[in-house]
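Inspection log for the structure reproduced underneath, given as structure tokens.
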2 protein chains.
Amino acid sequence: MTDLTSRQKIILSLIVHEHTRTAQPVASKTLIEDYGLHISSATVRNEMNTLAELGFIRQPHTSAGRVPTEEGYRFFVSKLVQQTALPSATRNTITHQFYQSRRGLDHWLPLAASVLANQSQAVSLVTAPHSEKIAFKHIELISTRGSQVLMVLVLVGGEIRQQLLALDEVYSQESLSQTANQFNLNFENKSLRQIEALEPSTEPLVLQILAAILDQMHLTEELVTGELFLDGLSNVLSTPEFAASNQERSPLRLLEERPMLNDLLSRTVLTEDIGGVQVLIGGEGTWQELRDCSVILTRYGIQDQLSGMLGILGPMRMPYGQAISAVRFVGDLLSDLVTDTLIE
Amino acid sequence: MTDLTSRQKIILSLIVHEHTRTAQPVASKTLIEDYGLHISSATVRNEMNTLAELGFIRQPHTSAGRVPTEEGYRFFVSKLVQQTALPSATRNTITHQFYQSRRGLDHWLPLAASVLANQSQAVSLVTAPHSEKIAFKHIELISTRGSQVLMVLVLVGGEIRQQLLALDEVYSQESLSQTANQFNLNFENKSLRQIEALEPSTEPLVLQILAAILDQMHLTEELVTGELFLDGLSNVLSTPEFAASNQERSPLRLLEERPMLNDLLSRTVLTEDIGGVQVLIGGEGTWQELRDCSVILTRYGIQDQLSGMLGILGPMRMPYGQAISAVRFVGDLLSDLVTDTLIE
DNA sequence: TTTAGCACTCTCCTTACGAGAGTGCTAATT
DNA sequence: AATTAGCACTCTCGTAAGGAGAGTGCTAAA
């Protein structure tokens, strides 16, 4: 069905390339002149007709040049795109930025977003890594004012949750520390289910802390992703794909409304293994907001343990080769960093 | 110099109001018809001439209606704007949203951004509270893998910093806890300067931890603001003030590039006391990116101890009354919450 | 199968023109 | 002195018409 001759593939690739560059319909003459094809424009037009019948390109109007269709981009991405690896100088610069200051995720995640945005000239998104299984690692109780206590909960994988508790009475820092230590001894590496199954203590302080721990662990479990980092918004402001559509249907709403974003991520990249890059073109009939956009996503982290997600969102007319390479590169980089600094 | 008659003030207010509503030049006839002025259009035009001479309004072209100038908005905001308090039902709903789940800042700050964006139909920004003086509150050392240790540092005010340390050798969790306790006993409430002045220990573990603590405290001290939360970006995508300008000059760049934002905040709201609302109209000659925009900012928190900042960024043509009220209201709300949950 | 040649179509730019909105000015009125 | 009715004037905006140019589709020849 989709058996294109190699010449047809070349022509489709060139149309995609040229249209990405100029945002204009591509004429047959442009192809042979600018890309040095040794065939005539009439031949190109004949091939274009075939491609149009297959649904890969279309004419905005009679006697206009050709524009790739959604299907055309899909075919291009799945069969024709050449991953134009980032120049090694660029790769070195980026790697260096990540490794020069081993400050940790709070530094790396915004940096990853910034790098992706710059490389792709689109909007980038990066989520903090999130554990597959929620398990207790460490707790700390810090007396603050009166009966108010700051609880800092560290989970296996390194997620940190904090909560301010208003306890029923004033406890000394000493007894708080003692209680925390009990929890640390008994709960280390225990999963949420295991903790829930334990015989509850009768001591009021322990009970209150336990409730808070379970509460936080439940909250964390329900999270689809960790914290979200965006960058490159100003890259797409002027593109018609983002601005023109009415506010209700803006692709950016997908990034601002967490339920929408969670839905998108759950149904795409979260079903994939780590390392695979997924390309979503034109909303795939499911997301109206993405009608004129494409999303490139990947998962990073450690399979079955800890993973976050990153990618870019841009107009459908996008340099896919570069963009896919950039996403893959930054994803691998973050996977390495997460592996090095895993808290287990 | 700027002594307007009360009728001139009314006319200016009406022009601002009508232009905010329609985004069109305002005709003299529109004013008397839609707002029921009991004077003739010719009189209104005479007054308009006076206002134009004072530089408060201008004509896009001869024989067109009038549009407020930057100066006009400035006068309007400083002398004429009426704070249209949020309807009490809205206030209750919002307050309820904040108080119903006392989850803490990680919940309140995005909520504040969301509320501001909805109320103003502009972009909102909220920064996490940041201490005026950096002081040690509590430290925790958690053994993870091999010689890797997770340090969790809590500062007075409640800021939490984490860092993964690669120590020179493997220490047991016991000795780590012991060391942490030493720090907690000796350093509580000590400022960065006080800690730096202390006689250094000779024990290698203590030295390494101390270096990390000082490092994190220095990093925190250099921070102008805490973490940044944005919302409402899709509100402004379609407005010409944001989209039309070229990418380099987009007002959104000010929000994406931290140095720019820090500069803006340092030179405006950070010089003010908590509670005051500052309105920046048209970049005030300093920020080219804001040529067609206005920014409304306030500081929240506890004077001289802990403060963050919040506000909105929208087109210059903006319902100032509502926007200022919303910013003030949410600011006060966050101030109360921060006061209630202060870690001291 | 490829290609030269050419008529045809559609966009886009320019010009022209009229309707309509809104003003500025003058002279009359309060 | 302040206000207003009246009216000519100016500028925008929408529509229509015409022409240039880009690009195609098709046919017939190579």
Side-chain angles (χ1 to χ4, degrees), chain A residues 3-12 14-69 72 240 244 317, chain B residues 3-12 14-69 72 240 244 317:
Chain A
D3 273 353
L4 299 194
T5 66
S6 73
R7 191 169 67 187
Q8 286 165 344
K9 289 181 185 169
I10 291 173
I11 290 176
L12 179 55
L14 294 182
I15 291 174
V16 167
H17 183 264
E18 183 67 10
H19 182 253
T20 301
R21 212 174 57 82
T22 63
Q24 296 293 323
V26 180
S28 52
K29 210 174 122 199
T30 313
L31 289 190
I32 55 171
E33 283 181 357
D34 294 11
Y35 294 90
L37 293 189
H38 291 148
I39 49 180
S40 76
S41 65
T43 309
V44 173
R45 284 201 294 279
N46 283 334
E47 297 287 37
M48 280 174 158
N49 274 332
T50 316
L51 289 172
E53 276 166 29
L54 291 169
F56 290 158
I57 57 179
R58 64 185 178 83
Q59 286 179 288
H61 58 86
T62 341
S63 85
R66 305 309 206 288
V67 168
T69 61
R317 176 178 61 79
Chain B
D3 274 353
L4 298 195
T5 66
S6 73
R7 191 168 66 185
Q8 286 164 343
K9 290 180 183 169
I10 291 173
I11 290 176
L12 179 55
L14 293 182
I15 291 174
V16 167
H17 183 266
E18 183 67 10
H19 182 253
T20 301
R21 213 174 57 82
T22 63
Q24 297 293 324
V26 181
S28 52
K29 210 174 121 198
T30 312
L31 289 190
I32 55 172
E33 283 182 355
D34 294 11
Y35 294 90
L37 292 190
H38 290 150
I39 49 180
S40 78
S41 66
T43 309
V44 173
R45 284 201 293 280
N46 283 335
E47 296 287 38
M48 280 174 160
N49 275 332
T50 316
L51 289 171
E53 275 165 30
L54 291 169
F56 291 158
I57 57 180
R58 64 184 179 83
Q59 285 179 288
H61 58 86
T62 342
S63 85
R66 305 310 206 287
V67 168
T69 60
R317 174 178 63 78

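Every chain is numbered from 1 and lettered A, B, ... according to where its sequence line falls, protein lines coming before strand lines. Everything numeric here is computed off the predicted structure, so don't read it as measured data.
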Counting N and O atoms only, with roles assigned by atom type, does the side chain of Thr43(B) sit under 3.5 Å from a partner on the main chain of Ile39(B), one being a donor and the other an acceptor?
-> no

With no hydrogens and no angle check, do the side chains of Arg317(A) and Thr20(A) hold a donor and an acceptor under 3.5 Å apart?
-> no

Does dT2(C) have OP1 or OP2 sitting under 4.0 Å from an N or O in the side chain of Arg7(A)?
-> yes

Whole-Å gap separating C1' (dT2(C)) and CG (Leu37(A)) = 14 Å

Looking for any heavy atom pair under 4.0 Å, which part of the strands does Ser28(B) touch: base, sugar-phosphate only, or nothing?
-> sugar-phosphate

5' priority, DNA chain D, between Thr30(A) and Asn46(A) [closest heavy atom] = Thr30(A)

Touch class at under 4.0 angstrom, heavy-atom based, for Asn49(A) against every strand present = sugar-phosphate

Hey, is the side chain of Gln59(A) poking within less than 4.0 Å of OP1 or OP2 on dG25(D), counting only N and O atoms?
-> yes

Provide, to the nearest angstrom, the distance between the CD atom belonging to Glu33(B) and the P atom belonging to dA21(C).
-> 11 Å

Side chain Gln8(B), main chain Thr5(B), donor-acceptor under 3.5 Å = yes

Is any side-chain N or O of Arg66(B) closer than 4.0 Å to OP1 or OP2 of dT23(C)?
-> yes

Is it the case that Arg58(A) and Thr69(A) place a side-chain donor and acceptor less than 3.5 Å from each other?
-> no

Hey, which of these two, Val26(A) or Glu47(B), hits DNA chain D nearer its 5' end, going by closest nucleotide?
-> Glu47(B)

Do other residues, nucleotides or ligands put more than 12 heavy atoms under 6.0 Å from the NE2 atom of His19(A)?
-> yes

In whole angstroms, how far is the P atom of dG24(C) from the CD atom of Glu53(B)?
-> 11 Å

Side chain of His61(B) (C-beta onward), nearest among dT12(D), dG23(D), dT4(D) = dT12(D)

Atom-pair distance (NE2 on His38(A); P on dT2(C)), nearest Å = 15 Å

Roughly, in whole Å, what's the span from CD1 in Ile15(A) to P in dG23(D)?
-> 13 Å

Let me know the distance between CG of Leu31(B) and C1' of dT23(C), rounded to the nearest Å.
-> 14 Å

Report the nucleotide, chosen from dT24(D), dT9(C), dC11(D), that has the shortest atom-to-atom distance to any side-chain atom of Arg45(A).
-> dT24(D)

Figure out the NZ/P separation between Lys29(B) and dG20(C), and round it to whole Å.
-> 12 Å

Please report, rounded to the nearest Å, how far the C1' atom of dA1(D) is from the CD1 atom of Ile39(B).
-> 16 Å

Would you say the side chain of Ser63(A) and the base of dT9(C) hold a donor-acceptor pair, judged only by whether the two atoms sit under 3.5 Å apart?
-> yes

Residue Thr43(B), side-chain heavy atoms: nucleotide from dC10(C), dT3(D), dT2(C) that is nearest = dT3(D)

Short side-chain N/O contact from Ser40(A) to OP1 or OP2 of dT2(C), under 4.0 Å = no

